[in-house]
Amino acid sequence: MTEHESDINHRIWQVITLIPSGKIATYGDVARHAGMPGAARRVGRALRLLPEGTRVPWHRVINAQGRISLPDGSSSQYIQRQRLEAEGIVFRGNKNVDLKRFRWRPGEIDKN
DNA sequence: AAACTGACTTTGA
DNA sequence: CTCAAAGCCAGTT
């Protein structure tokens with residue numbers, strides 16, 4: 001991949017590290033904060049490239065419906081859910097989270 | 001170059 | 001609430 005592409009991925013990962021524990025962000029949110037509004041799919045691609053032992057909190061990124069964008073039954077999907085619940089995120093109807101409640105809003109006061 | 005693909009989003013039925 | 005369609009960005013065939 002080109003130098004430029006790599007820089008973009010790093011910028012995306014950088015933004016994700018800013019999401020505090022107990023909060024989540026949508027792919028669109030991450031794209032926007034990384035300076036490329038509308039590039040949600042680009043964010044998904046950057047996440048795929050993450051190495052296994054990464055410290056980037058990729059599990060805090062979910063889709064605009066408040067659902068996990070990983071195949072049902074996959075181990076990664078299970079892990080993402082486990083990690084989120086461990087951080088206090090609650091799933092409604094065993095499917096989606098309440099975005100109004102857990103969505104990360106940069107700049108707001110952290111009451112952890 | 002054209003078609004296909006996907007860790008996406010929004011809108012409308 | 002679930003679905004499909006259309007828009008979206010960009011890598012792979």
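In what follows, every chain begins at residue 1, and chains take the letters A, B, ... in the order their sequences are listed.
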- What pairs meet the salt bridge (Lys or Arg N to Asp or Glu O under 4.0 Å) rule with one or both residues in residues 52-62 of chain A, with sequence neighbours excluded? A/Arg60-A/Glu87

- Query: Which residues pass the salt bridge (Lys or Arg N to Asp or Glu O under 4.0 Å) test with A/Arg32, sequence neighbours left out?
  - Reply: A/Asp29

- Message: Quick check for you: name the first and last nucleotides of DNA chain B, 5' to 3', having an atom under 4.0 Å from a heavy atom of chain A.
- Response: B/dG6 to B/dT10

- ring-ring contact (aromatic ring centres under 6.0 Å, His included) pairs touching residues 21-53 of chain A, sequence neighbours excluded, are A/His33-A/Trp104

- Item | Pairing residues for A/Ala46 by the side chain to side chain contact (heavy atoms under 4.5 Å, CB included) criterion, not counting sequence neighbours | A/Asn9, A/Ile12, A/Trp13, A/Arg42

- For A/Asn94, side-chain hydrogen bond (donor to acceptor under 3.5 Å, both in side chains) partners two or more places apart: A/Arg81

- Note on the structure: Under a 4.0 Å heavy-atom criterion, the protein footprint on nucleotides 1-13 of chain C, written with B, S and -, is -S----BBBSS--

- Query: Do any of residues 58-74 of chain A sit with a heavy atom less than 4.0 Å from DNA chain B, and if so which?
  - Reply: A/Trp58, A/Asn63, A/Ala64, A/Gln65, A/Ser69, A/Leu70

- Task: Please identify each residue that fulfils side-chain hydrogen bond (donor to acceptor under 3.5 Å, both in side chains) with A/Gln77, with sequence neighbours left out.
- Result: none

- Give one of base, sugar-phosphate or nothing for A/Thr26, where a contact means two heavy atoms less than 4.0 Å apart. sugar-phosphate

- Task: Check side chain to side chain contact (heavy atoms under 4.5 Å, CB included) between A/Arg48 and all other residues, then give those that pass, not counting sequence neighbours.
- Result: A/Arg45

- Message: Under the ring-ring contact (aromatic ring centres under 6.0 Å, His included) definition, can you give me all pairs with a residue in residues 48-96 of chain A, not counting sequence neighbours?
- Response: none

- Message: I'd like to know if the side chain of A/Arg67 and the backbone of A/Asn96 have a donor-acceptor N/O pair within less than 3.5 Å.
- Response: no

- Item | side-chain hydrogen bond (donor to acceptor under 3.5 Å, both in side chains) involving A/Ser76 - partner list, sequence neighbours excluded | A/Ser74

